[in-house]
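Chain letters run A, B, ... following the sequence lines, proteins first, then strands; residues in each count from 1. Heavy atoms only: backbone and side chains are in, while hydrogens, waters and symmetry mates are out.
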2 protein chains.
Amino acid sequence: MNQTLLSVEETSKVLKLLGDQTRLTIVGLIKDTECCVCELVEILDMSQPSISQHLRKLRDAGIVKEKRKGHWMFYALNEDHAAFDLISRILEHMPDQKEKIIALEQSGKRIVCE
Amino acid sequence: MNQTLLSVEETSKVLKLLGDQTRLTIVGLIKDTECCVCELVEILDMSQPSISQHLRKLRDAGIVKEKRKGHWMFYALNEDHAAFDLISRILEHMPDQKEKIIALEQSGKRIVCE
DNA sequence: TTCATATATAAGCATTGACTTATATAAACG
DNA sequence: CGTTTATATAAGTCAATGCTTATATATGAA
């Protein structure tokens, strides 16, 4: 991992965004598996507009990137963001969210494209 | 550094607290040099009540600890906090704040006890 | 005990933030 | 085309937040 130095201002902005349980969970979920909005709505059990608004904040900050696949908009961590390494390290201190993805797959609600 | 796993909730609470430029700077300042309130007021150029209120939030969360020395109340990072390792890693991604302490010393405003 | 200094706390206010409901947009498909 | 599905955005509401000013507390010194 390369150690990019961020300013205090940049760092606090990133931490403020991740200082919300919903957004932190989203980032943990898409860390290594991109997800579409409806999957996040399902996993987090929140309204679609609420999830979309959280994703917008993350996207406006450049923390996540989006890619359309037909009906669905998939979100992934933006590995080119200056804070990507910081974010990865933060996630290392948290339980892996991958079980939630597995549970989604097992419930047949995972969106698979192509 | 030991890798303590925190819950998503605990992590987001810590990040929310550090997601404020003033508090993040405070934590960076006292990382390896304990500081009293008036020094933080001087360095951060903010009102005393404002600094005290930020310190209270950090203390209520257990992130910092306080120690009275005569008139002065000194604050330091609480190394026993479950998120201490996480916080240390976050600070590694930021510019070191020690120059501000040095400038304070050079201006003769550093508080020295004993 | 009285005063000065350092800090904490309380109350008030303006701003931000996260949700809600309602509506707009955009793609796929009949 | 019109309809359905997925997502985005807008507007409104209410709670949380960070500051201010004013005041309380605590320590040390005269």
Side-chain angles (χ1 to χ4, degrees), chain A residues 8-9 12-27 29-30 34-61 63-76 104 108-114, chain B residues 8-9 12-27 29-30 34-61 63-76 104 108-114:
Chain A
V8 175
E9 191 180 351
S12 66
K13 266 187 197 165
V14 170
L15 299 183
K16 172 171 281 182
L17 281 166
L18 300 190
D20 173 277
Q21 218 179 322
T22 302
R23 286 192 294 266
L24 186 58
T25 308
I26 289 176
V27 168
L29 282 164
I30 65 177
E34 58 181 19
C35 288
C36 71
V37 179
C38 60
E39 292 172 325
L40 297 172
V41 167
E42 176 69 28
I43 292 175
L44 293 163
D45 192 27
M46 291 180 64
S47 76
Q48 174 268 316
S50 193
I51 296 294
S52 273
Q53 283 156 7
H54 282 300
L55 286 168
R56 190 182 203 293
K57 291 194 178 194
L58 292 171
R59 195 204 53 191
D60 284 353
I63 291 175
V64 305
K65 57 188 179 189
E66 54 187 15
K67 176 177 22 173
R68 180 174 281 282
K69 291 188 188 174
H71 278 306
W72 299 279
M73 199 65 100
F74 281 81
Y75 285 83
L104 191 75
K109 289 173 180 164
R110 182 88 164 123
I111 306 293
V112 184
C113 289
E114 290 128 323
Chain B
V8 175
E9 191 179 350
S12 66
K13 266 186 196 163
V14 170
L15 299 184
K16 173 173 280 183
L17 281 166
L18 300 190
D20 173 277
Q21 217 180 324
T22 303
R23 286 192 295 267
L24 185 59
T25 308
I26 289 176
V27 167
L29 282 165
I30 65 178
E34 58 182 19
C35 288
C36 72
V37 180
C38 60
E39 292 173 326
L40 297 172
V41 167
E42 175 70 27
I43 292 175
L44 293 163
D45 191 28
M46 291 179 64
S47 77
Q48 175 268 314
S50 191
I51 296 293
S52 272
Q53 284 157 6
H54 282 300
L55 287 168
R56 191 182 202 294
K57 291 195 179 192
L58 292 170
R59 196 204 54 194
D60 284 353
I63 291 175
V64 306
K65 58 188 179 188
E66 55 187 15
K67 176 176 26 172
R68 179 176 282 282
K69 292 188 186 175
H71 278 306
W72 300 277
M73 199 65 99
F74 281 81
Y75 285 84
L104 191 75
K109 289 172 180 163
R110 183 89 165 123
I111 306 293
V112 184
C113 289
E114 289 127 325

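Distances shorter than 4.0 Å separate none of the side-chain N or O atoms of B/Ser52 from OP1 or OP2 on C/dT7.
Every residue meeting the salt bridge (Lys or Arg N to Asp or Glu O under 4.0 Å) condition with A/Glu42, not counting sequence neighbours, appears here in chain and number order: A/Lys109. Annotation: side-chain hydrogen bond (donor to acceptor under 3.5 Å, both in side chains) contacts of B/Arg59 (sequence neighbours excluded): B/Glu66. For B/Arg56, the side-chain hydrogen bond (donor to acceptor under 3.5 Å, both in side chains) partners are B/Asp60, not counting sequence neighbours. Listed by chain and number, the residues in a side-chain hydrogen bond (donor to acceptor under 3.5 Å, both in side chains) with A/Ser50 amount to none (sequence neighbours excluded). Residues passing the side chain to side chain contact (heavy atoms under 4.5 Å, CB included) test with A/Arg110 are A/Thr33, A/Cys35, A/Glu39, A/Ile101, A/Leu104, A/Glu105, A/Val112, sequence neighbours excluded. Residues passing the side chain to side chain contact (heavy atoms under 4.5 Å, CB included) test with A/Gln53 are A/Pro49, sequence neighbours excluded. For B/Gln48, the side-chain hydrogen bond (donor to acceptor under 3.5 Å, both in side chains) test picks out B/Ser52, with sequence neighbours left out.
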With the sugar-phosphate defined as primed atoms, P, OP1 and OP2, and the base as all remaining atoms, what B/S/- string results for nucleotides 10-17 of chain C, 5' to 3', for protein heavy atoms under 4.0 Å? BB-----S
If the sugar-phosphate is the primed atoms plus P, OP1 and OP2 and the base is the rest, what is the B/S/- string for nucleotides 25-30 of chain C, using protein heavy atoms under 4.0 Å? --BS--
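Of the residues in residues 38-46 of chain A, A/Cys38 come within less than 4.0 Å of DNA chain D through at least one heavy atom, sorted by number.
A nucleotide of DNA chain D counts as in contact with chain A when one of its atoms lies under 4.0 Å from a heavy atom; the first and last such, 5' to 3', are D/dT5 to D/dA11.
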Residues A/Lys69, A/Glu34; criterion salt bridge (charged side-chain N to carboxylate O under 4.0 Å, His left out); working and verdict: CA-CA 12 Å; A/Lys69 291 188 188 174; A/Glu34 58 181 19; 2.9 Å; yes
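For B/Glu66 and C/dT7, the CD to P distance is 11 Å, given to the nearest whole Å. Going from atom CD of B/Gln48 over to atom C1' of C/dT5 covers 11 Å, rounded to whole Å.
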Under 3.5 Å donor-acceptor pairs involving side-chain atoms of residues 13-21 of chain A, not counting sequence neighbours:
| residue | atom | partner | partner atom | Å |
| --- | --- | --- | --- | --- |
| A/Asp20 | OD1 | A/Thr22 | N | 2.9 |
| A/Asp20 | OD1 | A/Arg23 | N | 3.0 |

